[in-house]
Every structure is written in structure tokens, then in C-alpha cells.
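Read the structure below first, then the notes.
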Amino acid sequence: MTAPENVADFLHISVPRQRLELIEAGKVVAHYRVSTAKNGVGEKRGSECTPRGWHRVRAKIGAGLPAGAVLVGRRPTGEIYTPLLAARHPGRDWILSRILWLGGLQPGFNRYGEVDTAWRYIYIHGSPDDGVDGTPQSHGCIRLTSADVIDLFDRVPVGALVYVDAGA
């Protein structure tokens, strides 16, 4: 699928560069380091890969939560991330501060059936800072630091377009 018509405002996620760019009126106005999937790119349910192509922000979750707030199942647990909490829960996939829940726009590629981004629960979300070091290490989501996801969350509306680019 080519870009939806007249796209001047969107999020561009470069998997090779591990970078997210906020583009407004065709110009990069902010950029953030990210961590995409350690399994690479792909759309299949259960793959733990980051899905490619065009998406929309289908929901924003976590408005007003403090930085480092822990979310499980898209709900705040009441915990705030600390190294001590992390030590008590080794191996936990930390989702912190905010969630931008993505929904694919390309039927048969990243929408519907076994490739549906939304039903794979693919998010742009906050992570401990060491989980965003510019290398792929997520379980499919796009991780940002808590400070960066809070900044991005406040800048983009529900419905914002997102392009996950495996080639640039």
C-alpha cells in the first residue's frame, strides 16, 4: 500500500535506524530513539515481530499517569517502575507511562485475521531507559523511554497515521 492520500502529518518509524520521527506538514519536528522487535519485522500473530506498513493510533492509554507508571493489560497496576521492582519481576515485559495502541490499515497484510496489528496488541509504549538503547529488543512493540513516550503522547491524536518502515 502506498501512503494514504495527502499525508503530511504522521509518525515514521525506521526499523533499521531504530528511530521514530514525528512529521508535521512534511517536516520532521521531533525524533526519538526506539527499540523494535528482537525477532525483526513481520505481521504474523505469535511471531513477536514488529509489523510493517501503515497503521493508525487506535487508542491512547495512560493520560495523566506519572512517569514510570506500570501498565498490564492496558491498565495501570498502581506500581511505579524502579530497579528494585524490576529485580522482583525478572523477565517482565515492562510497559510504562503511556500506550499508543496501533491498528493496521492494510487488509491481509497488517489488518484482519492472523496479521491484525490491533489484535496482536502492538503498541508504541514506554519502557525502562535501558530497554531503549537503539537495538531491537522488544517482543513486537515499539519501545520509547518514558520521557519520550509522554512527550509523543501529548503531541499526537487518536487516529494519527504511523508508518513502520523496514527499509529506511
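What you see below is based on every heavy atom in this structure, not just the backbone, and it leaves out hydrogens, waters and symmetry mates.
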Using ring pair (Phe, Tyr, Trp, His ring centres under 6.0 Å) as the criterion, list what pairs up with Phe109, not counting sequence neighbours.
none

Any residue meeting side chain to side chain contact (heavy atoms under 4.5 Å, CB included) with Glu79, in chain and number order, not counting sequence neighbours
Val70, Thr77, Leu85, His89, Arg92

Partner set under ring pair (Phe, Tyr, Trp, His ring centres under 6.0 Å) for Tyr32, not counting sequence neighbours:
none

Please walk me through it: do Leu11 and Leu22 pass side chain to side chain contact (heavy atoms under 4.5 Å, CB included)?
CA-CA 5 Å; Leu11 302 178; Leu22 173 59; 3.5 Å; yes

What pairs with Asp130 under salt bridge (charged side-chain N to carboxylate O under 4.0 Å, His left out), at least two apart in sequence or on another chain?
none

For residues Val29 and Ile23, determine if any side-chain heavy atom of one lies less than 4.5 Å from a side-chain heavy atom of the other.
no

Are Leu102 and Val15 linked, directly or through other ILVMFWY residues, by side chains that come within less than 4.5 angstrom of each other?
yes

Between Ile99 and Ile95, does the side chain to side chain contact (heavy atoms under 4.5 Å, CB included) criterion hold? Intermediate values first, please.
CA-CA 8 Å; Ile99 294 170; Ile95 298 175; 3.7 Å; yes

For the pair Asp165 (side chain) and Gly53 (backbone), establish whether a donor and an acceptor sit closer than 3.5 Å, ignoring hydrogens and angles.
no

Tell me whether Thr36 contacts the main-chain N or O of Thr50 through its side chain, where contact means a donor paired with an acceptor under 3.5 Å.
no

State, to 0.1 Å, how close Pro136 and Ala37 come at their nearest heavy-atom pair, and which atoms those are.
CB-O, 3.3 Å

For the pair Ser138 (side chain) and Arg143 (backbone), establish whether a donor and an acceptor sit closer than 3.5 Å, ignoring hydrogens and angles.
no

Kindly indicate whether the side chain of Val57, heavy atoms from C-beta on, has any atom under 4.5 Å from the side chain of Val162.
yes

Contact check, side chains of Val132 and Ser127, non-hydrogen atoms, under 4.5 Å:
yes

Qualifying residues under side chain to side chain contact (heavy atoms under 4.5 Å, CB included), relative to Lys44, sequence neighbours excluded
Ser47, Glu114

Under the ring pair (Phe, Tyr, Trp, His ring centres under 6.0 Å) test, which residues partner Phe153, sequence neighbours left out?
none

My understanding is that only residues two or more places apart in sequence, or in another chain, count here; which of them pass salt bridge (charged side-chain N to carboxylate O under 4.0 Å, His left out) with Arg19?
Glu21

With a 4.0 Å cut-off on N to O distance, would you call Asp151 and Arg155 a salt bridge?
yes

Would you say Leu96 ends up clustered with Val34 if hydrophobic residues are merged whenever their side chains have heavy atoms under 4.5 Å apart, either directly or through other cluster members?
no

Between Gly140 and Pro51, what is the shortest heavy-atom contact and its length?
O-CD, 4.0 Å

Tell me, do Ile13 and Ile124 make a side-chain contact under 4.5 Å, heavy atoms counted?
yes

Centroid-to-centroid, Tyr121 to Trp101, below 6.0 Å?
yes

Connected via hydrophobic side-chain network under 4.5 Å: Tyr112 and Val115:
no

Please tell me if the side chains of Ser97 and Leu65 come closer than 4.5 Å, counting only heavy atoms from C-beta onward.
no

Residue list, side chain to side chain contact (heavy atoms under 4.5 Å, CB included) with Asp129, at least two apart or on another chain:
Thr145

Ignoring hydrogens and angles, tell me if any N or O in the side chain of Asp9 forms a donor-acceptor pair with the backbone of Ala25 under 3.5 Å.
yes

Going by side-chain hydrogen bond (donor to acceptor under 3.5 Å, both in side chains), name the pairs with one or both residues in residues 56-76, residues two or more places apart or in two chains.
Arg74-Tyr123

For Arg52, which residues count as a salt bridge (charged side-chain N to carboxylate O under 4.0 Å, His left out) partner, sequence neighbours excluded?
Glu43

CZ on Arg98 to CG on Leu71, rounded to 0.5 Å
9.0 Å

Val164 and His55: CA distance, side-chain angles, deciding distance, side chain to side chain contact (heavy atoms under 4.5 Å, CB included) verdict:
CA-CA 8 Å; Val164 179; His55 300 80; 4.1 Å; yes

Contact check, side chains of Trp54 and Leu161, non-hydrogen atoms, under 4.5 Å
yes

Nearest heavy-atom approach of Ala118 to Gly103 is CB-CA, 4.1 Å

If the condition is side chain to side chain contact (heavy atoms under 4.5 Å, CB included), which residues does Asp133 pass it with, not counting sequence neighbours?
Thr135, Gln137

Atom NE2 of His125 and atom CD1 of Ile61: how far apart are they, to the nearest 0.5 Å?
11.5 Å

Measuring from atom NE2 of His139 to atom CZ of Arg120, what distance do you get when rounded to the nearest 0.5 angstrom?
13.0 Å

Residues Asn110, Ile122; criterion side chain to side chain contact (heavy atoms under 4.5 Å, CB included); working and verdict
CA-CA 11 Å; Asn110 60 23; Ile122 299 294; over 6 Å; no

By the ring-ring contact (aromatic ring centres under 6.0 Å, His included) test, which pairs, at least two apart or in different chains, include something from residues 67-88?
Tyr81-Trp94

